[in-house]
Amino acid sequence: MIENLVIVESPAKAKTIEKFLGKDFRVVSSFGHIRDLSKKNLGIDIKNDFNPDYEIPKEKAKVVRELRKAASESKNIWIASDEDREGEAIAWHLVSVLKLDLEKTRRIVFHEITREAITDAIQNPRKVDLNLVNSQQARRILDRLVGFEISPVLWKKVQPSLSAGRVQSVAVRLIVEREREIIAFNTESSFRISALFHPGRPAGDNSLIRAEASKRFSHEKDAGEFLELCAASEFMVGNVSVRPGTRSPAPPFITSTLQQEAYRKLGFSVAQTMAVAQKLYEAGKITYMRTDSTSLSKLALAKSREVIISSFGEKYSKTRQFKTRSRGAQEAHEAIRPAYPDVTTVTGNQNEKKLYELIWKRTIASQMSDAETEKTTISIDMSNSPVIFTATGEVIKFDGFLKVYTESTDHENGEDDKLIIPPVKKGMILLYDSISATQKYTVPPPRYTEASLVKKLEELGIGRPSTYAPTISTIQNRGYVMREDRAGEKRPVRVLTLAAGKITSTSKTELAGKEKSKLFPQDIGMIVNDFLMENFSDIVDYHFTAEVEEQFDEIAMGKLKWTGMLKKFYDPFHSKVEKTLEIKDRKTGVRLLGNHPETGEPVSVKMGRFGPVAQIGDAGDGGKPRFASLTRNQLIETITLEEALNLFRLPRSLGEYEGDEMVAGIGKFGPWIRYRDKFYSMKKGVDDPYTVTTERAAEIIKDKEENDRKKVIRDFGDIKVLNGRFGPYITRDKQNYRMPKGTDPEKLTKEDTINIISKTETSKKST
DNA sequence: CAGTGAGCGAGCTTCCGCTTGACTT
């Protein structure tokens with residue numbers, strides 16, 4: 001018999017805690033929730049006060065078996081699941097599944113994983129808080145009702161296998177609406193005037209002052225006239241102001257900020273960040289990575305202080321505790337920090353090292369002094385114009401936390417790098433080195449990255465640390481959005497430059513609209529979003545989660561009955577579901593583009609059975625419409641009549657090669673040529689399926705065939721020795737086998753290859 | 001891997017939030 005059994009959620013936590021408790025304690029883990037609503041159907045008896053039908057999922061059967069055994073062998077049971085709504089529910093399910101006594105079971109919580117906190121927790125047990133449990137049940141049931149009643153409506157009225165939910169549908173809405181802002185955006189350009197001044201004779205770069213004019217000019221002509229004014233003007237220093245300032249460090253990482261910074265500084269996807277952090281956590285190198293709290297344990301504060309003082313000196317230390325800002329935070333864990341702040345680097349792969357270093361720097365910097373700065377602003381007046389030039393410069397007087405870490409921003413171009421301003425006085429005459437008018441374009445709002453979407457969701461209080469990464473996967477798996485790159489387009493930039501009294505004009509180009517790893521909505525995402533906006537606007541409302549969260553809080557405080565809250569939500573919601581099911585037609589997002597210029601038939605685009613499709617003509621009156629699939633990057637919302645008509649030019653015949661026809665088309669993976677039932681890819685950026693000639697097509701086929709011939713080194717019928725991207729290999733039944741080192745592929749016999757294959761097969765089985 | 005786009009019907013899909021392995025390649 002074991003004296004005491006402690007149940008926690010995470011096995012890594014169990015291991016740590018066991019070390020702190022004596023041998024009278026055994027610590028086991030529940031691996032999160034052990035029970036959930038039935039998977040097969042709704043899992044809720046609506047008529048019977050929303051009575052939930054809980055079951056133990058298959059993958060949890062083993063854990064539950066082991067927990068039951070451990071419980072039966074123990075005298076006292078302590079449930080130490082996390083101190084939040086979900087943790088309380090886990091405790092309650094454990095009581096129920098392990099058939100414990102609700103009155104006798106000791107519920108304890110650790111605010112941090114330190115000996116002190118754990119001993120303190122053991123001395124202050126309480127009972128399971130049923131109000132908190134009920135608020136979790138309300139949350140769980142509401143999410144199930146929303147997801148499992150709206151999704152089937154989508155299957156009937158839009159497309160099978162789609163999904164909707166309180167969290168994912170808002171994530172999609174954000175992306176769709178941002179795209180529409182970008183589509184509607186009108187790019188304008190104006191001329192921005194910047195100048196380089198110097199006091200008297202130029203004395204090298206150090207004495208140059210970079211200043212910007214207060215006025216911008218819409219047209220090149222006006223900008224040119226202003227430069228002429230400048231050529232004839234005298235420049236004099238107006239005001240000089242020197243102001244001290246401070247900069248403070250960012251709070252320690254929580255899940256969302258870690259995801260953002262790992263994306264900005266290391267280029268990690270949200271899922272990748274979580275996977276690497278999980279490794280570090282399991283290895284005991286960092287604290288728990290799914291958290292919404294910025295607070296640090298007393299121990300971490302003290303340790304960080306020691307590290308800072310010994311590395312940088314007393315002056316650099318400033319112990320601080322940050323208030324958690326995020327909405328709906330439940331603060332069951334600490335911030336994400338190094339388990340041992342005195343450990344600066346860790347072993348492990350490159351990504352683990354990089355992420356650890358980032359976490360270490362952020363934590364340490366948060367406990368360091370403010371940086372002290374001095375900001376200088378001077379204005380420069382013109383003798384013949386009211387336009388004023390302004391120059392700003394900043395110097396760091398004391399670096400403080402900046403010694404270790406600076407937070408990145410989402411703005412890619414850090415063009416406002418602060419320069420040092422040489423000492424100047426009011427009334428001093430300045431000479432220009434050069435003054436230029438540069439064409440600047442306005443930019444549309446940026447598309448979301450995975451990380452910036454997480455940031456936005458968190459601001460809205462939607463989703464939890466454990467669900468940000470899965471939510472982003474879900475909306476991509478459903479095809480609602482895709483993470484993509486765009487090459488961007490070149491556009492002209494006009495520059496006028498005044499130097500030594502002469503104005504010259506030049507033309508440059510810049511790249512506009514280049515995108516890397518951004519979230520683009522797809523047609524089906526836009527259609528589903530519009531459908532939800534039309535029929536379930538309250539569910540996809542940005543405030544919906546915040547409003548129900550308020551009610552969950554009231555349930556937790558015992559001020560509101562959870563079944564009553566659900567009824568009040570469900571009745572009007574369900575009648576909307578019923579009403580929406582009465583809609584006759586499927587929503588296809590159909591858009592009429594105009595009429596065919598020759599036949600006059602209507603041309604439209606819509607979501608078809610196999611994806612977005614363009615259509616010429618109607619099906620009624622025995623008419624046979626023609627169809628063509630849209631290509632990647634074309635949207636139903638933005639495609640033009642001309643682009644749609646162009647789609648019908650493919651597939652097109654390219655003439656004959658050695659007596660057989662060649663056909664060009666565009667597929668999922670780019671343009672192709674079909675010849676004798678085989679497909680040949682066209683070269684990206686070289687060949688265009690609309691214009692490729694018969695000769696060029698024949699050449700592509702010849703090249704490919706020659707490459708294929710080179711590819712086969714030995715041919716033994718069912719077994720072949722081939723030349724691949726990574727060198728020679730053996731293939732049989734679509735299975736590939738590596739060549740042992742030092743073999744000459746030309747000399748292989750069939751026997752040899754069979755030997756190699758059987759050797760690889762047996763070594764595979766043994767692992 | 002790429003082409004399809006008639007219609008019917010059975011059986012399937014789906015949520016959010018807590019936790020990690022056990023599976024494949």
Side-chain angles (χ1 to χ4, degrees), chain A residues 8-14 29-37 39-44 57 59-60 62-63 81-82 84-91 93 136 139-156 159-169 274-275 278-279 281-282 288-290 330 332-333 462-471 474 477-478 539 545 548 588 606-615 619 624-629 631-632 650-651 663-674 677-682 689 735-736 764:
Chain A
V8 297
E9 290 183 41
S10 149
K13 195 170 173 179
S29 133
S30 77
F31 293 79
H33 275 291
I34 52 157
R35 257 197 339 189
D36 191 16
L37 295 173
K39 260 204 175 71
K40 286 191 285 289
N41 36 46
L42 191 62
I44 303 158
E59 62 272 19
K60 284 290 160 68
K62 195 178 155 208
V63 177
S81 46
D82 296 344
D84 58 17
R85 199 163 65 199
E86 298 299 324
E88 205 66 16
I90 288 173
H93 282 299
Q136 192 275 347
R139 198 282 303 156
R140 179 67 190 94
I141 290 169
L142 180 131
D143 281 337
R144 171 58 71 88
L145 290 170
V146 168
F148 274 38
E149 291 216 359
I150 299 185
S151 299
V153 178
L154 292 177
W155 306 341
K156 290 195 186 75
Q159 240 176 38
S161 301
L162 296 174
S163 66
R166 176 177 58 80
V167 174
Q168 60 168 287
S169 296
M274 294 313 283
Q278 177 88 32
K279 277 262 192 244
Y281 168 67
E282 283 170 11
Y288 197 56
M289 64 280 152
R290 289 184 277 263
Q330 310 207 1
H333 306 273
I462 299 174
R464 304 277 311 131
S466 67
T467 59
Y468 295 137
T471 299
T474 300
N477 290 341
R478 295 277 173 279
I539 302 295
T545 290
V548 290
T588 59
K606 67 173 186 187
M607 182 56 70
R609 277 204 291 161
F610 310 110
V613 66
Q615 177 178 350
K624 246 204 157 174
R626 283 168 289 151
F627 295 96
S629 289
T631 63
R632 257 170 78 99
L650 294 178
V663 177
I666 294 181
K668 225 177 177 175
F669 303 94
W672 46 262
I673 297 166
R674 192 178 61 215
D677 289 334
K678 275 169 80 180
F679 286 88
Y680 301 83
S681 291
M682 291 188 199
Q735 291 271 343
N736 298 337
K764 252 188 207 167

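The basis for the numbers below is simple: all heavy atoms, side chains too, and nothing from hydrogens, waters or symmetry mates. Naming: A, B, ... by sequence-line order, numbering from 1 per chain.
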Notebook entry, point to check: Are side-chain N/O atoms of A:R290 and A:S466 paired as donor and acceptor at under 3.5 Å?
Noted result: no

Next item on the list: Describe, in one word, how the ring planes of A:H333 and A:Y288 are oriented to each other, choosing from parallel (under 30°), tilted (30 to 60°) and perpendicular (over 60°).
Entry: tilted

Next item on the list: Respond yes when some side-chain nitrogen or oxygen of A:S81 is under 4.0 Å from OP1 or OP2 of B:dC18, and no when none is.
Entry: no

Next item on the list: May I have the distance from A:K40 (atom NZ) to B:dC15 (atom P), rounded to whole angstrom?
Entry: 18 Å

Note to self: What is the separation between atom CG on A:N41 and atom P on B:dC12, rounded to the nearest whole Å?
What the structure shows: 13 Å

Note to self: Among B:dC16, B:dG5, B:dT20, which nucleotide has an atom closest to any side-chain atom of A:R166?
What the structure shows: B:dC16

Check: Does the side-chain ring of A:F679 sit on the six-membered ring of the B:dA2 base, less than 5.5 Å centre to centre and under 30° in tilt?
Finding: yes

Checklist line | Side-chain touch A:R674/A:P651, heavy atoms, less than 4.5 angstrom | finding: no

Notebook entry, point to check: A:Y281 side chain: which of B:dT20, B:dA2, B:dC18 is closest?
Noted result: B:dT20

Checklist line | Reference residue A:E86; test side-chain hydrogen bond (donor to acceptor under 3.5 Å, both in side chains); the match among A:R139, A:Q330, A:R140 | finding: A:R139

Margin query: On the nucleotide B:dC18, are OP1 or OP2 found under 4.0 Å from the side-chain N or O atoms that A:R464 carries?
Written below: yes

Check: Which sits closer to the 5' end of DNA chain B, A:W155 or A:K13, going by the nucleotide each is nearest to?
Finding: A:W155

Note to self: Let's test your reading of the model: under 3.5 Å, does the base of B:dC15 pair with the side chain of A:R140 as donor and acceptor?
What the structure shows: yes

Checklist line | Minimum-distance nucleotide to A:K60 side chain [options: B:dC16, B:dG21, B:dC18] | finding: B:dC18

Notebook entry, point to check: Hey, does A:S629 reach any base, or is it just sugar-phosphate, or nothing, if we go heavy atoms under 4.0 Å?
Noted result: base

Next item on the list: Using whole Å, report how far NE2 of A:H333 lies from C1' of B:dC18.
Entry: 9 Å

Checklist line | Phosphate-side-chain proximity, A:T467 and B:dG17, N/O vs OP1/OP2 below 4.0 Å | finding: yes

Checklist line | Toward the 5' end of DNA chain B, by each residue's nearest nucleotide, A:E149 or A:M607 | finding: A:M607

Item checked: Closest nucleotide among B:dT14, B:dT13, B:dC16 to the A:P160 side chain -> B:dT13

Check: For B:dT14, does OP1 or OP2 lie under 4.0 Å from any side-chain N or O of A:R478?
Finding: yes

Check: Between A:F627 and B:dT4, do the rings stack, that is, sit under 5.5 Å apart with planes less than 30° off each other?
Finding: no

Check: Less than 5.5 Å between centroids and less than 30° between ring planes, does A:F148 satisfy that with B:dT14?
Finding: yes

Note to self: As a test of reading the structure: which of B:dC18, B:dC16, B:dT13 is closest to the side chain of A:S161, going by heavy atoms?
What the structure shows: B:dT13

Checklist line | Presence of A:Q168 side-chain N/O under 4.0 Å of B:dC15 phosphate oxygens OP1/OP2 | finding: yes

Next item on the list: Assign A:G665 to base, sugar-phosphate, or nothing according to its heavy-atom contacts below 4.0 angstrom with the strands shown.
Entry: nothing

Margin query: I want to verify a distance call: between B:dG5, B:dC16, B:dT19, whose nearest atom is closest to the A:R609 side chain?
Written below: B:dG5

Margin query: Can you tell me which nucleotide in B:dT19, B:dT14, B:dA2 comes closest to the side chain of A:S151?
Written below: B:dT14

Checklist line | Atom pair distance, as rounded to whole Å: CG in A:D82 and C1' in B:dT19 | finding: 10 Å

Next item on the list: Give a yes/no on whether any side-chain N or O of A:R290 is located under 4.0 angstrom from OP1 or OP2 of B:dT19.
Entry: yes

Check: Okay, side chain of A:K60, backbone of A:H33: is any donor-acceptor separation there less than 3.5 Å?
Finding: yes

Check: Are OP1 or OP2 of B:dA2 and a side-chain N or O of A:Y680 less than 4.0 angstrom apart?
Finding: no

Notebook entry, point to check: Looking for any heavy atom pair under 4.0 Å, which part of the strands does A:Q278 touch: base, sugar-phosphate only, or nothing?
Noted result: sugar-phosphate

Item checked: Nucleotide nearest A:S466 (side chain, heavy atoms from C-beta), chosen from B:dC18, B:dT14, B:dT20 -> B:dC18

Next item on the list: Would you check if A:S163 and A:S151 make a side-chain contact, meaning some heavy-atom pair closer than 4.5 Å?
Entry: yes

Checklist line | Nearest to side-chain heavy atoms of A:H33, which nucleotide of B:dG17, B:dT20, B:dC16 | finding: B:dG17

Margin query: Please determine whether a side-chain nitrogen or oxygen atom of A:S163 lies at a distance below 4.0 Å from atom OP1 or OP2 of B:dC15.
Written below: yes

